[in-house]
Amino acid sequence: MLDINKIRADFPILERKVHGKPLIYFDNGATSQTPTAVIDTIVDYYTNYNANIHRGVHTLSQEATDKYEEARIKIQKHFNAKHSYEIILTSGTTESINVIASGFSVILKEGDEVIVSALEHHSNIVPWQMMCEKAGATLRVIPMDEDGSLRIDLFEEMLNVNTKLVFCNHVSNALGTINPIEKIIKSAHKFGAYVLIDGAQACPHIKPDVQQLDVDFYVTSAHKMCGPTGVGMLYGKQELLEMLPPYQGGGEMIDTVTFEKTTYAGLPHKFEAGTPNICGGIAFGAAVDYMNAIGFDNIQEREHQLLDYATKKLLEIDGLKIYGTSTKTSVISFNIDGIHPYDIGSILDKLGIAVRTGHHCAQPIMDFYKIPGTVRASLSFYNTEDEIDTMIEAVKKAKMMLS
Ligand code: C6P
């Protein structure tokens with residue numbers, strides 16, 4: 001059992017007020033809050049050893065380099081990658097996906113097929129559309145079901161010898177539904193297709209083991225898992241990262257440069273051109289440490305309690321519909337008959353409650369349900385039943401005011 005009061009004390013922002021009310025933060029799917037351990041790491045970096053890495057012989061540069069590489073190893077261990085150089089530190093999930101899409105846009109050929117799921121965030125749709133356009137490849141879509149699950153039966157039928165890549169999120173950001181990625185990876189591999197899993201919404205709740213999954217690429221953002229914004233991870237199998245061309249040219253990613261020819265550095269530097277988000281990378285390592293100290297089993301147990309509690313209470317409200325009911329993480333996407341989600345979100349904000357409203361950068365899901373958007377309450381282990389009760393009363397109040 002987690003000591004919730006002790007955990008909440010780790011997050012100074014939870015003390016603040018919004019519109020004179022205590023903040024209730026249910027927008028963890030957009031970005032999670034930051035514990036003191038991570039904030040202190042950031043302050044320590046800028047106070048004591050701020051310097052560029054991999055470049056200087058001086059002490060500060062060496063200290064910063066050591067901490068940055070230690071963070072990479074923490075992240076490697078967390079995801080159980082075979083080698084630390086298979087962990088590329090990027091600016092986040094979006095950049096990680098673009099690195100792979102840009103690389104494959106020069107490898108794919110006309111007639112090749114790539115598959116995405118209907119449940120994707122725009123970050124896991126648009127880069128592949130751009131890639132397919134450049135390469136002349138065809139983008140195909142795994143349809144979804146009413147309950148927010150994927151039609152895996154239809155996916156199996158889509159796979160063929162021309163399928164080269166499959167992209168799918170581990171957890172849907174708009175609905176919170178968990179996709180059967182083990183099955184997807186196994187089936188795609190039977191046809192020799194590579195698989196990229198977008199773990200942005202899974203990593204705050206689940207600890208993925210990339211070797212056990214046998215996944216080719218796995219990507220995520222630190223800011224959804226108690227880390228800072230502007231940093232994330234691209235995991236790739238060594239041989240695949242070696243096969244792909246670099247994403248950007250610049251300092252740090254080279255071996256030798258002449259005006260006639262440049263040769264590239266090995267992994268991970270080949271994909272890390274320019275000065276990276278050094279402090280962010282180090283703080284990402286601190287966030288991984290923080291979450292592991294709490295323990296993912298504990299996180300899941302607590303978040304399931306919160307999800308069950310909130311779901312039951314919300315469904316007692318007449319006219320309220322929840323989207324995405326298959327197995328899921330602690331995300332509840334809902335609407336109330338005849339009321340625009342934005343209006344509910346605005347009233348909740350006035351009462352100190354932060355939720356996200358709109359299409360959640362997943363317009364195809366909204367089109368599937370024929371709705372403009374939803375109200376999304378994404379809960380974290382540091383939330384409480386009392387906060388849920390306050391939200392329920394606020395939703396009832398909003399319904400009364402807007403009906
Ligand atoms: N989803 C949400 O409120 P970045 O912005 O690069 O850190 O993450 C993009 C991204 C990619 N895939 C999934 C599944 C995501 O959920 C996100 C970010 C936030 O749902 C902000 S739009």
Side-chain angles (χ1 to χ4, degrees), residues 25-34 75 88-102 116-130 142 144 148-150 166-179 181 184 195-206 208 215 217-235 247 271 276-277 280-281 283-284 287-288 323-324 328-334 341-342 345 348-349 354-366 373-380:
Y25 190 74
F26 286 159
D27 196 18
N28 296 285
T31 200
S32 56
Q33 290 305 341
T34 318
I75 297 162
I88 313 296
L89 292 167
T90 64
S91 68
T93 304
T94 304
E95 187 180 48
S96 301
I97 292 171
N98 277 281
V99 170
I100 302 303
S102 151
V116 290
S117 97
L119 287 170
E120 299 310 310
H121 184 280
H122 297 164
S123 288
N124 211 19
I125 300 175
V126 184
W128 309 123
Q129 282 175 331
M130 291 159 76
I142 314 170
M144 62 180 280
S149 64
L150 285 176
V166 176
F167 315 107
C168 182
N169 56 37
H170 194 165
V171 169
S172 154
N173 74 309
L175 307 176
T177 46
I178 303 171
N179 290 315
I181 59 165
I184 289 171
V195 181
L196 179 143
I197 298 295
D198 170 354
Q201 294 292 335
C203 294
H205 317 284
I206 297 167
V215 65
F217 304 102
Y218 195 98
V219 298
T220 200
S221 298
H223 69 94
K224 311 247 195 231
M225 43 188 303
C226 295
T229 52
V231 65
M233 176 202 76
L234 158 60
Y235 159 79
Y247 177 55
F271 292 104
N277 182 350
F284 187 3
V288 162
Y323 299 88
K328 63 180 188 171
T329 57
S330 46
V331 170
I332 307 177
S333 231
F334 66 91
Y342 177 82
L348 294 193
D349 175 58
V355 291
R356 187 171 172 186
T357 62
H359 56 58
H360 314 298
C361 301
Q363 277 185 6
I365 300 181
M366 304 303 133
T374 68
V375 180
R376 184 187 70 178
S378 46
L379 315 178
S380 180

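Please read all numbers here as calculations on a predicted model, not as lab measurements. Heads up: numbering here begins at 1 and tracks the sequence. Just follow the structure's listing: the first ligand is 1, and inside any ligand the first atom is 1.
Partners of Arg376 by salt bridge (charged side-chain N to carboxylate O under 4.0 Å, His left out), not counting sequence neighbours, listed by chain and number: Asp27.
Residues His170 and His205 keep their aromatic ring centres 6.0 Å or farther apart.
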Which pairs of N or O atoms, one from ligand 1 and one from the protein, are separated by less than 3.5 Å, and what is the distance for each pair?
unit_1	atom_1	unit_2	atom_2	d
ligand 1	1 (N)	His121	NE2	3.4
ligand 1	1 (N)	Lys224	NZ	2.9
ligand 1	3 (O)	Arg356	NH1	2.5
ligand 1	3 (O)	Arg376	NH1	3.4
ligand 1	3 (O)	Arg376	NH2	2.7
ligand 1	6 (O)	Thr94	N	2.9
ligand 1	6 (O)	Thr94	OG1	2.5
ligand 1	7 (O)	Ser221	OG	2.7
ligand 1	7 (O)	His223	NE2	2.8
ligand 1	12 (N)	Asp198	OD1	3.4
ligand 1	12 (N)	Asp198	OD2	2.5
ligand 1	16 (O)	Gln201	NE2	2.7
ligand 1	20 (O)	Asn173	ND2	2.8
ligand 1	20 (O)	Gln201	NE2	3.4
ligand 1	20 (O)	Arg376	NH1	2.8

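Closest approach of Asn277 and Gly230 over heavy atoms only: ND2-O, 3.0 Å.
The OG1 atom of Thr31 sits 7.0 Å away from the CD atom of Gln33 when rounded to the nearest 0.5 Å.
With a 4.5 Å cut-off on side-chain heavy atoms, Asn179 and Asn169 count as touching. Using a 4.5 Å heavy-atom threshold, the side chains of Glu95 and Val219 count as separate.
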